[in-house]
Amino acid sequence: MAVPLFGALSAVAVPVASAQPALSGPATEFTVLAKDVQSIAGAQQAIKAAGGTVLETNTAVGLIRASAPATGFTERVTANRAVFGSAKAQVIGSLPKNGKKTKNDNAEKEGRGAAKKAAAAPVGMDPLDDQLWGLKSVRSDLSRTKQPGSKQVKVGVIDTGIDGTHPDIAPNFDLADSRNFTRDIPTDPNGVELDGPCEFRGCVDPANHDDGGHGTHVAGTIAAAANGFGVSGVAPNVTLVNIRAGQDSGFFFLQPTVDALTYAGDAGIDVVNMSFYTDPWLYNCTANPADSAAEQAEQRTIIEATQRALNYAHHKGVTMVVALGNQHTDLGAPQPDTTSPDYPANATHPRNVDNSSCLSLPVEGGHTIGVSAFGPSQKKADYSNYGLEQISVSAPGGFFRDGFGTPWFRTVENEILSTYPKNVGVAEGNIDADGNVTPAGVALGIQKATAADGRVGYYQWLQGTSMATPHATGVAALIISQYGKKSHGEFGMDPDKVQRVLEGTAAKIACPVPRTVDYLKEGRDATFTATCEGDPSFNGFYGHGGVDAYAAVTRGSQYLK
């Protein structure tokens, strides 16, 4: 493990004010952020003095997980000058009462139910690769003849987990370095089912397990092995590491995401893929008038803790590739937020978003490479966020409604095919107990591959900036494989240099003519209408261009001079 960034920690506790609010309510988890890493000891003492119990401490950024009564603790602990802020995480120990609450991204599964018949004689590097238009768009079929990726390059997938037993994942999966920083939450504070019953003792899934499917799909696009079976990834020889921060239900809370980022730095991970935003706030605002004082303090805590974690990982040599988001919004002029807070259930309230004081994290944090999505025609996907402020590059993310007026329109093959965990397929009713794709699964385009030795893999179609980002992450991994060097006994590459090569070798894509694009004929309303600003070298739809694996490994050296 790498030496921690910061030295010895010491602080003097500041007494909590004498007029303390009463503590009441059920046991609740909080994340408490120390004023700085030198104040961790003082913050821990403040938690105890405020009536709480310290459960876990991330010393890299000063984020402490604590348990305390639901009411009164935040006011007590934040009165201490050793504490930057506190955010409520979850109530401990409720029982299921109602239907399952899941963080759904409707954009990702929009095309389900519109599958055509698969090609009769698929051809490609692996048997299903002919269906991977995204793989060809980034020219991975060419780049692997020069650089298929190095096993010593480790790609961390910060997501819902990775099915490390999938036949396309297993050859490149590193179980020893994989970690799960989440614990299943059966229900939310209102008793609404969240992750559902715990599948494993202790409610902590193994580090090679994925109950959501999202992380396995991402991992397959990055580095499914080119093994003559199923599909292959953009960088088919690099190493995949599961750094799980997402719940089964798809929520990504502060403590696990911060822990995942600092672990990536300490474990020598070269690049991480982050296809999520940190819940429960789509935008974290420092002082939004629509939010309560406690909610404002919570968001300030999330902003500070996340930025500390991003700084830490970047300093440790981690390249961070992040999805731009699926809200079809110019991130420099955000639309009103009608989805926050998305946890617990029924807490949402509408907010106007001030661009200067509100951040969608992690993409609007420092040192991140933001990725937008386009479809097979290279048209910006209707759902994809855009704008000059945060975008770096673009990549194939799928666009179900691409190709209006052609046979492509509203076909699932416009999306991205990648690896699918069998357990998720069974739970969703797409695979039966005997391992066969059900009629429902056939209608969704679920595919099954069987090897001569009996190994079986499953694959599903999804779309989103979550699917674009792993294409860019795969290219970043190839860049490190090609140009990385050993330093102090460890192989790697400066993240800023990786970004220069990724952006410099991207294929330039000009704004459309006219620059304002509506998706009315595709069936979208006027809120999806978007205007592309900039020029072919850099614009709000495509950033520096579409990522290009072949150009990156053959011409990237000129951007390192």
S.K.: Any carboxylate oxygen within less than 4.0 angstrom of a Lys/Arg side-chain nitrogen, looking at R65 and E29?
M.R.: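 Answer for the salt bridge query: yes.
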S.K.: Checking side-chain polar atoms at under 3.5 Å, does Q44 have a donor or acceptor matched by the opposite partner on T57?
M.R.: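 Side chains of Q44 and T57: pair found under 3.5 Å.
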S.K.: Give a yes-or-no answer on whether the side chains of D184 and Q247 include a donor-acceptor pair shorter than 3.5 Å.
M.R.: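 Judged by distance alone, the side chains do not pair up.
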S.K.: For residues Y283 and D354, is any side-chain donor paired with an opposing acceptor at under 3.5 Å?
M.R.: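 Per modelled atom types, Y283 and D354 side chains form no pair under 3.5 Å.
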S.K.: Would you sort out whether Y343 and F253 count as a ring pair (Phe, Tyr, Trp, His ring centres under 6.0 Å), showing the intermediate values?
M.R.: CA-CA 10 Å; Y343 179 88; F253 296 123; 4.8 Å; yes
S.K.: Measuring from atom CG of N436 to atom CG of D432, what distance do you get when rounded to the nearest 0.5 angstrom?
M.R.: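 CG of D432 is found 4.5 Å from CG of N436.
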S.K.: Pairing donors with acceptors under 3.5 angstrom, does anything connect the side chains of D168 and T419?
M.R.: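 Absent: no donor and acceptor within the cut-off.
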S.K.: Does any N or O in the side chain of T306 come within less than 3.5 Å of the main-chain N or O of I303, such that one atom is a donor and the other an acceptor?
M.R.: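 Judged by distance alone, no pair lies under 3.5 Å.
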S.K.: Could you check if a side-chain atom of V318 sits within less than 4.5 angstrom of a side-chain atom of V271, using non-hydrogen atoms only?
M.R.: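 No; the side chains remain at least 4.5 Å from each other.
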S.K.: Does some side-chain heavy atom of E295 sit less than 4.5 Å from a side-chain heavy atom of H349?
M.R.: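 Yes; the side chains approach each other to less than 4.5 Å.
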S.K.: Show the nearest heavy-atom pair for residues I64 and A43, with the distance to one decimal.
M.R.: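 Smallest heavy-atom distance, with atoms named: CD1-CB, 3.8 Å.
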S.K.: Show the numbers, then the answer: is there a side-chain contact (heavy atoms from CB on, under 4.5 Å) between I416 and T221?
M.R.: CA-CA 9 Å; I416 303 300; T221 297; 4.0 Å; yes
S.K.: With side-chain contact (heavy atoms from CB on, under 4.5 Å) as the test, would you mind laying out the steps for T187 and V192 before giving the verdict?
M.R.: CA-CA 5 Å; T187 62; V192 176; over 6 Å; no
S.K.: Do D205 and E199 touch side chain to side chain, with heavy atoms closer than 4.5 Å?
M.R.: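 Yes - at least one pair of side-chain heavy atoms lies under 4.5 Å apart.
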S.K.: Would you give the length of the straight line joining atom CD of E298 to atom OG1 of T78, rounded to the nearest 0.5 angstrom?
M.R.: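 These two atoms lie 12.5 Å from each other.
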S.K.: Main chain of N352, side chain of N288: is a donor-acceptor contact present, judged purely on distance under 3.5 Å?
M.R.: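 It does hold such a pair.
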S.K.: State whether a side-chain donor-acceptor pair under 3.5 Å links H209 with N242.
M.R.: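 Per modelled atom types, H209 and N242 side chains form no pair under 3.5 Å.
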S.K.: State, with a plain yes or no, whether a side-chain heavy atom of N311 is found less than 4.5 Å away from one of H367.
M.R.: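 A side-chain contact under 4.5 Å exists here.
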S.K.: Any idea which heavy atoms bring I162 and I169 closest together, and the distance?
M.R.: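 Heavy atoms of I162 and I169 come nearest at CG2-CG2, 3.7 Å.
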S.K.: State which residues pass ring-ring contact (aromatic ring centres under 6.0 Å, His included) with F528; sequence neighbours excluded, sorted by chain then number.
M.R.: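 For F528 the ring-ring contact (aromatic ring centres under 6.0 Å, His included) partners, ignoring immediate neighbours, are H328.
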S.K.: Where is the tightest heavy-atom contact between S86 and T301, given as atom of each residue plus distance?
M.R.: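 Closest pair (atom of S86, atom of T301, distance): N-OG1, 3.2 Å.
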S.K.: Report yes or no: does D163 contribute a side-chain atom to a donor-acceptor pair with the main-chain N or O of T216 at less than 3.5 Å?
M.R.: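 Looks like no, no N/O pair under 3.5 Å.
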S.K.: Taking C-beta and beyond as the side chain, do V155 and I222 meet within less than 4.5 Å on heavy atoms?
M.R.: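 Side-chain contact under 4.5 Å: yes.
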S.K.: Can you see which heavy atom on V424 is nearest to which on G213, and at what distance?
M.R.: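 Answer, listing the atom of V424 first, then G213: CG2-N, 3.9 Å.
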S.K.: Let me confirm one number: the CD-CD1 distance from Q255 to I302, rounded to the nearest 0.5 Å.
M.R.: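 Q255 atom CD to I302 atom CD1 measures 12.0 Å (nearest 0.5 Å).
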S.K.: Look only at the side chain of T160 and the backbone of G246, and say whether a donor-acceptor pair between them is shorter than 3.5 Å.
M.R.: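 Not a single qualifying donor-acceptor pair exists.
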S.K.: Carefully, step by step, assess I243 and V157 under the rule side-chain contact (heavy atoms from CB on, under 4.5 Å).
M.R.: CA-CA 6 Å; I243 312 179; V157 178; over 6 Å; no
S.K.: How about F276 and F251: are their ring centres within less than 6.0 Å of each other?
M.R.: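 That pair fails the under 6.0 Å test.
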S.K.: Can you check side chain to side chain donor-acceptor pair (under 3.5 Å) on D291 and Q299, steps first, answer last?
M.R.: CA-CA 10 Å; D291 301 330; Q299 291 168 76; 2.9 Å; yes
S.K.: Could you tell me whether the side chain of R179 and the main chain of A176 form a donor-acceptor pair under 3.5 Å?
M.R.: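 Such a contact is found between R179 side chain and A176 backbone.
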S.K.: Does some side-chain heavy atom of L240 sit less than 4.5 Å from a side-chain heavy atom of K154?
M.R.: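 Of all side-chain heavy-atom pairs linking L240 with K154, none is under 4.5 Å.
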S.K.: Spell out, as yes or no, whether a donor-acceptor pair under 3.5 Å connects the side chain of S275 to the backbone of S466.
M.R.: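 Looks like yes, one N/O pair under 3.5 Å.
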S.K.: Apply side-chain contact (heavy atoms from CB on, under 4.5 Å) to the pair E428 and N423, showing each step before the final yes or no.
M.R.: CA-CA 9 Å; E428 293 181 341; N423 59 293; over 6 Å; no
S.K.: Short question: side chain of S384, backbone of A373 - any donor-acceptor pair under 3.5 Å?
M.R.: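 Pair found, side chain donor or acceptor close to backbone of A373.
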S.K.: Under 3.5 Å, is there a donor on one side chain and an acceptor on the other for N58 and D259?
M.R.: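 Present: a donor and an acceptor within the cut-off.
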S.K.: Please report the shortest heavy-atom distance between A245 and I158, naming the atom on each side.
M.R.: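 Nearest pair, atom of A245 first, then I158: CB-CG2, 3.7 Å.
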S.K.: Less than 3.5 Å apart, any donor N or O on the side chain of T469 or N273 sitting next to an acceptor on the other?
M.R.: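 N273 and T469 do not have a side-chain donor-acceptor pair below 3.5 Å.
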S.K.: Between F252 and Y277, does the ring centroid distance fall short of 6.0 Å?
M.R.: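 No, they do not, as the ring centres are separated by 6.0 Å or more.
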S.K.: Checking S39 side chain against G42 main chain: does a donor-acceptor pair fall under 3.5 Å?
M.R.: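 Judged by distance alone, no pair lies under 3.5 Å.
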S.K.: Is the backbone N or O of A293 less than 3.5 Å from a side-chain atom of Q296, with the two atoms forming a donor-acceptor pair by type?
M.R.: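 No: the side chain of Q296 does not pair with the backbone of A293.
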S.K.: Roughly how far, to the nearest 0.5 Å, is CD of Q307 from OH of Y312?
M.R.: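 The distance works out to 15.5 Å.
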S.K.: Return yes if some donor-acceptor pair links the side-chain N/O of T348 with the main-chain N/O of P341 below 3.5 Å, else return no.
M.R.: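 Pair found, side chain donor or acceptor close to backbone of P341.
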S.K.: Any donor-acceptor pair under 3.5 Å linking the side-chain atoms of N430 with those of Y420?
M.R.: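 Present: a donor and an acceptor within the cut-off.
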S.K.: Hey, are the side chains of K88 and T28 touching, using non-hydrogen atoms and a 4.5 Å cut-off?
M.R.: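 SC-SC contact between K88 and T28 confirmed.
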S.K.: Quick one: does C198's side chain get under 4.5 Å of P186's, heavy atoms only?
M.R.: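 Result yes, sub-4.5 Å side-chain heavy-atom pair found.
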S.K.: Run the ring-ring contact (aromatic ring centres under 6.0 Å, His included) test against Y459 and tell me which residues pass, sequence neighbours left out.
M.R.: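 Partners of Y459 under the ring-ring contact (aromatic ring centres under 6.0 Å, His included) test: H166.
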S.K.: Quick one: closest heavy-atom pair of L55 and A66, and the distance?
M.R.: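 So the two residues come closest at CD1-C, 3.9 Å.
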S.K.: Nearest 0.5 Å please: distance from the CG atom of L63 over to the CG atom of L33.
M.R.: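 It comes to 6.0 Å.
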S.K.: With sequence neighbours left out, what residues match F173 under ring-ring contact (aromatic ring centres under 6.0 Å, His included)?
M.R.: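 For F173 there are no ring-ring contact (aromatic ring centres under 6.0 Å, His included) partners, ignoring immediate neighbours.
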S.K.: Less than 4.0 angstrom from a charged side-chain N to a carboxylate O is my criterion; do E304 and R308 meet it?
M.R.: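 Counted as a salt bridge, because a side-chain N and a carboxylate O are separated by less than 4.0 Å.
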S.K.: Do the side-chain N and O atoms of T239 and D174 include a donor-acceptor pair separated by under 3.5 angstrom?
M.R.: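 No, because no side-chain N or O of T239 sits under 3.5 Å from a partner of the opposite role on D174.
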S.K.: Rounded at 0.5 Å granularity, tell me how far OG1 in T329 sits from CD in Q335.
M.R.: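 T329 OG1 to Q335 CD: 3.5 Å, rounded to 0.5 Å.
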S.K.: Do D159 and R244 sit within salt-bridge range, that is, some charged N less than 4.0 Å from a carboxylate O?
M.R.: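 Looking at D159 and R244, the cut-off is not met.
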S.K.: Under a 4.0 Å threshold between the charged nitrogen and the carboxylate oxygen, would D337 count as salt-bridged to R351?
M.R.: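 Judged by the 4.0 Å cut-off on N to carboxylate O distance, R351 and D337 do form a salt bridge.
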S.K.: Please find out if less than 6.0 Å separates the ring center of F374 from that of F399.
M.R.: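 Centroid separation for F374 and F399: 6.0 Å or greater.
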